[in-house]
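Every chain is numbered from 1 and lettered A, B, ... according to where its sequence line falls, protein lines coming before strand lines. Since this is a predicted model, take the numbers as computed values, not measurements.
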Amino acid sequence: MPSTIVTSEKPANLARRPVRTNSLILPPPAFRNSIPAPTLQYQGAEALVYRTFFLHPSLNIHCALKHRPSKPYRHPVLDAKLTRHRILAEARVLAKLRRAGISVPAVYALDWEAGWLCEEWIEGETVRAVLDRSLAGWLDAADNDEGERVNGSLERLMRRIGTLVGQVHENGVVHGDLTTSNVMLRASTQTSQDADKSAALNELDGEAVLIDFGLASQSVQDEDRAVDLYVLERAFGSTHPKTESLFGEVLKAYGQSYKGAKVALKKLEEVRMRGRKKIMIG
Amino acid sequence: MPIAIGLEGSANKLGVGIIQHDNPASNPPSPHDSAFSGDEQQQKQSSPPVRILANLRHTFHAPPGAGFLPKDVAAHHRRWVVRLTKQAMKQAKLGIKDIDCICYTKGPGMGAPLASVAIAARMLSQLWNLPLIGVNHCVGHIEMGRAITGADNPVVLYVSGGNTQVIAYSAQRYRIFGEALDIAIGNCLDRFARVLRIPNDPAPGYNIEQLAKKGKHLLDLPYAVKGMDVSFSGILARVEEMGVKLDQGTEPWLDSESQEPITAADLCFTLQETVFAMLVEITERAMAHVGAKQVLIVGGVGCNIRLQEMMGIMASERGGSVYATDERFCIDNGIMIAQAGLMAWQMGFRTAMKDSTTTQRFRTDEVLINWRD
């Protein structure tokens, strides 16, 4: 049998959904008396994401509170070291990208001892949710006017994603967990009650924001960049089947986004060939 | 009620096991809550359709400070395989006519030991006129663990001298979600044991585990988790340096907080706490990813009580449970090969004589698991 190389989907592909319904989970101590109480949004293996208000509700600044609870199975010294390291790494990456003007959430506050990071709340939907909705229509009606119009905005969206990933890479960061669930489309601020008919167009035209840098690292190596793209490609293929042509737009835009992009794309072909997995020895 | 004999010799253990399936395929083992090595009683309670008629093992031990070399291991296997097979048949009180198939390890593993055991299997097949079944060693571990513990559809952590994988079943394959990118966890422990000249008998990992119980100072080691993958080579290099430093003992080495001297036990403790935390972390990630609640630990390192304990804490936090077995089934053995081989045999799988080769490279996800839905 040929050694078919199978790559698992990346973890956080599904991590943005609740995995356990344990009512005893509490937000970090500093937020336990907040009124209104922080609401749990997502629960992954590592972190819990709450939505709450920054500083005081009267300021009306929504924020995402990412809590990394301590892991009781780990030695406390090791646990504290890892939590500190990961929270700081995530914050540093976000700050670095933010300084470069790339659309990622702003960091508001953090406490590595208590294990939390507070960042800007991105109002809107994940690209995954938006794509799930609009792709159904696109695949059915690709050849009429409506299909053409959606097609145009889908392609524009793909190009924006490709450019965004390119900008992140250009600034020496690899995301580590690129999926369509980790790209948000910021809801447009204009109230569009009368724009129902162009809703599909609007929802595809929001600003793309990259979120969840929990597995991100600072690297300028083409190998790391290529693996980043490969993970996105696999995640894209498994969550949105029959959309290979659309993904081509992502790569096209990526290729034009910064100077070293072509080399990373070349490397991607190599990574594709071998898969992310090595051939096992022994 | 088919009976299979399994021959295993992918590393320094030679195993011969005989297994019987009581109710083939009709009565899957029912899951139960915990399986901390109390598997014998539980086996009676839940009466899984597997009966172990013989489980013999003979291990080649390298002297302290050294590892086992393929040629020595192969010679060991050649010397023992006939004796062990005879003894197993005697213990099972079976004749040649009672056996249905000969199962052997096709890979992965060390080339020379694999080949010497495969020769024995081919010989038996021709002598007794029975079909051969080539088995993937990793699948053997998983199937044995499932059969013994009754874990129904667990995320599997397979940790041994040569393998480190986090595996979950999906669409008739055991898919690898995460794995070691360089050396295996057991290899890391074994090689560390050599630096401190910790004995290889009964197993270096076992002796590290006993020493670690006396350790209390956690030293600083690298921690290398990448998504669901891990890397141990950097950790090994660092802890080996520490071992050499301790060994030379030119200057006193004191813990920075308590001012107590650092001992070999502290190094073992540090190494275990660090690498096991990494393993539990990637397993948890895989569980969150596939939405599983059960974890099954298999492979030689899986006997480690500290690893089982850490995994247990993680699993209970997630409202799940951990399944593990003791050294009879965790460490390489013949029955696991017989178990996986017999399942394949019941699906009509046969390995023709001309295909009865061995391979050092054989990924877990290459095998079609057509006995599960």
What verdict does the ring-ring contact (aromatic ring centres under 6.0 Å, His included) test give for B:Y223 and A:H85, after you've listed the backbone C-alpha separation in whole Å, the side-chain angles of each residue and the deciding distance to 0.1 Å? CA-CA 11 Å; B:Y223 187 94; A:H85 178 257; 9.1 Å; no
Looking only at heavy atoms, which two atoms of A:A45 and B:R318 are closest? And how far apart? CA-NH1, 4.1 Å
If I compare all heavy atoms of A:L78 with all of B:T274, which pair ends up nearest, and what's the gap? CD2-CA, 4.1 Å
Salt bridge or not between A:R86 and B:E281? Use side-chain N to carboxylate O under 4.0 Å. yes
Pair B:E284 + A:K71, salt bridge at N-O below 4.0 Å: yes
Decide side chain to side chain contact (heavy atoms under 4.5 Å, CB included) for B:E317 and A:Y73; before the verdict, give the C-alpha distance in whole Å, the side-chain angles of both, and the deciding distance to 0.1 Å. CA-CA 10 Å; B:E317 282 268 299; A:Y73 65 81; over 6 Å; no
Name the region of B:L221, side chain, backbone, both or neither, that has any atom closer than 4.5 Å to a heavy atom of chain A. backbone
Do B:R285 and A:L215 pass the side chain to side chain contact (heavy atoms under 4.5 Å, CB included) test, and can you show the C-alpha distance, the side-chain angles, and the key distance before you say yes or no? CA-CA 12 Å; B:R285 226 170 254 166; A:L215 290 172; 3.8 Å; yes
